[in-house]
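Data block below; observations after.
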2 protein chains.
Amino acid sequence: MSETSGQTRSALLKSSITLFSQRGYADVGIREIADAAGANIASIKYHFGSKKDLYLAAVAEVMGRNNSENAWKDLSEVPDDPRLAAQELIQFLRHSLKHLIPPGSSVESCSSLMIREALHPSEAFDSIVENLLIPNNEGLINLLGKLVPDADRPHLNNLAGSVMGQIMHIRIFRPFVERLRGVDLSNPDQLDQMAMHIAQFTLRGLGLKEIFIFEAIQSARETEAQFVQENKS
Amino acid sequence: MSETSGQTRSALLKSSITLFSQRGYADVGIREIADAAGANIASIKYHFGSKKDLYLAAVAEVMGRNNSENAWKDLSEVPDDPRLAAQELIQFLRHSLKHLIPPGSSVESCSSLMIREALHPSEAFDSIVENLLIPNNEGLINLLGKLVPDADRPHLNNLAGSVMGQIMHIRIFRPFVERLRGVDLSNPDQLDQMAMHIAQFTLRGLGLKEIFIFEAIQSARETEAQFVQENKS
DNA sequence: CTGTAATTCAATCAATCGATTGATTTATAG
DNA sequence: CTATAAATCAATCGATTGATTGAATTACAG
């Protein structure tokens, strides 16, 4: 039976996710991974077969189900009402940035591994597209379609790109953004402020009425206020 | 005298820029670089000292002056007239995407090296910030200030982030975007179409009047038509 | 031409890489 | 307990890494 605790296996996955995402495949040795996991070098071959197979398993782990509740908000079901859809968009933006707070978070690992695959695609490329990008892109298009009902598919794709670009820019270039603007992205308030800017910019970019945008943001701020208040109690 | 042709040195720089940007520092060996340059391994030590020093020299080369006329449009001087400033913004967007056409282009190298430094900063981080990011960010803020005169500095920084995010998203995630949307980013027409989408989205995001945006894009299309016509002759 | 500095070359260095072995320890079933 | 399988371990494999040597070659001034 292979029904043991699997401590070593999961520890190797965890340490490899952290190291691979931070420094890339080639820069991380299997001894370093094993040490960080408190395991023996040979355990990598035993549990995964090879360094490459460990990397593929790590990517699959990060891009898997865990992620839809972590790095990206699920947008498969979105209300038809534009007002509610706008709230959903704002929450999506907040959600996408909020998980940046702890350094070395799951979001950071996910984003970093994605970028590294975009820079130099490996065998993991397809699995990222299938399991993460397509579902999220479809969800975002579904959401944007509620806000811009007369937009066709190519235009919705462009709009989704503009939204994702603003998010990923902050996720990826965090060190540059912090240096360039003198902001602290580990500060929840500054992070939320940035999310609300993207919300306003995006709702305007979609071509929505100013009154609609004003009310949406106003409503979102109240929701955040409630959320903060609830967490304080 | 050190006033020789310097063929080997520049060949090493060129090959290392390509290889480092495509596959990262750790994944590229000095033998591979020397072979691609048609040089001996020891020539790296002779001309640069070490592999790391070669990398630093390569980054400095890419981020240098060459770049302001290549990867990024110079925005240090922008007309005050909003109409002209809008044209400048559209040309900036076009310029930022147009150089993506040839695979392995200078823009691709510049973007890739930037991202790798954002993912895992090295000694080259500061030089990128000083020589490339700060000047470009200042230029973009200068330009956006003409279009949104009442915006304060932090807001302009946020707006610049939204613009840069949309550009970098396409630059970085090119393989993902092509797969996800079924587009071909080596096609100049599709690339310009994408630039014009970002232009419209951005001008709307800035909160400008629809008539102003319509005229700006209309005018830009005519400019592009003239440009194409001139190149055909 | 000769002499000197600049440059390139093949060969080799110790260190580290991923992978693998066989022995050992641990867990589980009968 | 014993027996069998699962898991971990220290030790080592050949290959490759970046770095370095000293000889050979080239370029150029006098």
Side-chain angles (χ1 to χ4, degrees), chain A residues 1-61 113 116-117 119-124, chain B residues 1-61 113 116-117 119-124:
Chain A
M1 293 284 282
S2 62
E3 184 55 33
T4 47
S5 59
Q7 298 178 26
T8 304
R9 193 189 139 92
S10 62
L12 285 172
L13 269 179
K14 185 177 179 180
S15 65
S16 64
I17 287 174
T18 302
L19 290 169
F20 280 144
S21 66
Q22 286 179 347
R23 311 220 315 269
Y25 179 83
D27 195 38
V28 180
I30 57 174
R31 292 160 217 271
E32 196 176 356
I33 296 175
D35 285 349
N40 189 277
I41 325 167
S43 60
I44 290 179
K45 175 188 166 70
Y46 181 81
H47 285 286
F48 299 95
S50 68
K51 183 192 179 187
K52 181 193 289 184
D53 289 325
L54 170 59
Y55 170 77
L56 294 177
V59 172
E61 173 74 14
L113 290 174
R116 295 189 184 280
E117 282 295 324
L119 289 175
H120 193 230
S122 76
E123 300 175 26
Chain B
M1 293 285 283
S2 61
E3 186 56 33
T4 48
S5 60
Q7 298 179 25
T8 305
R9 195 190 136 93
S10 61
L12 286 171
L13 268 179
K14 185 178 179 181
S15 64
S16 64
I17 288 174
T18 302
L19 290 169
F20 281 144
S21 67
Q22 286 178 347
R23 312 219 315 268
Y25 179 82
D27 195 37
V28 179
I30 57 173
R31 292 160 217 272
E32 197 176 352
I33 296 175
D35 286 349
N40 189 277
I41 326 168
S43 60
I44 291 179
K45 175 186 168 69
Y46 180 79
H47 286 284
F48 300 95
S50 68
K51 182 190 178 187
K52 182 195 287 184
D53 289 325
L54 171 59
Y55 172 76
L56 295 177
V59 171
E61 173 73 14
L113 289 174
R116 296 189 185 281
E117 281 295 325
L119 289 174
H120 191 232
S122 77
E123 300 175 25

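Quick note on labels: first sequence line is chain A, next is B, and so on, each numbered from 1. Predicted model only: the values in this text are computed from it and were never measured.
- The interatomic distance linking A:Arg23 (CZ) with C:dC17 (C1') rounds to 14 Å, in whole Å.
- Using modelled atom types, no side-chain atom of A:Gln22 and backbone atom of B:His120 make a donor-acceptor pair closer than 3.5 Å.
- Separating the CZ atom of B:Phe20 from the C1' atom of D:dG18 is a distance of 11 Å, rounded to the nearest angstrom.
- Contacts between residues 37-47 of chain B and DNA chain D, defined by a heavy-atom separation below 4.0 Å, involve B:Ala42, B:Lys45, listed by number.
- Checked by atom type and distance alone, the side chain of A:Ser43 never pairs as donor or acceptor with a backbone atom of A:Ala39 at under 3.5 Å.
- Taking atom CZ of A:Arg31 as the reference point, atom C1' of D:dT16 lies 13 Å away to the nearest angstrom.
- Under the 6.0 Å distance and 45° angle rule, A:Lys51 does not count as a cation-pi partner of A:Phe20.
- One atom, CG of B:Asp27, and another, C1' of D:dT16, lie 13 Å apart when rounded to the nearest Å.
- In this structure, CD1 in B:Ile30 is found 9.5 Å from OG in B:Ser50, a value given to the nearest 0.5 Å.
- Ionic pairing of A:Glu123 and A:Lys52 is present here: one or more N-O contacts between side-chain nitrogen and carboxylate oxygen are shorter than 4.0 angstrom.
- A straight line from CG of A:Asp35 to C1' of C:dC17 spans 14 Å, rounded to a whole angstrom.
- One interatomic measurement links the two molecules: CZ of A:Phe48 to C1' of C:dA19, which rounds to 16 Å at whole-angstrom precision.
- Rounded to whole Å, the distance from CG on B:Leu54 to P on D:dT20 is 15 Å.
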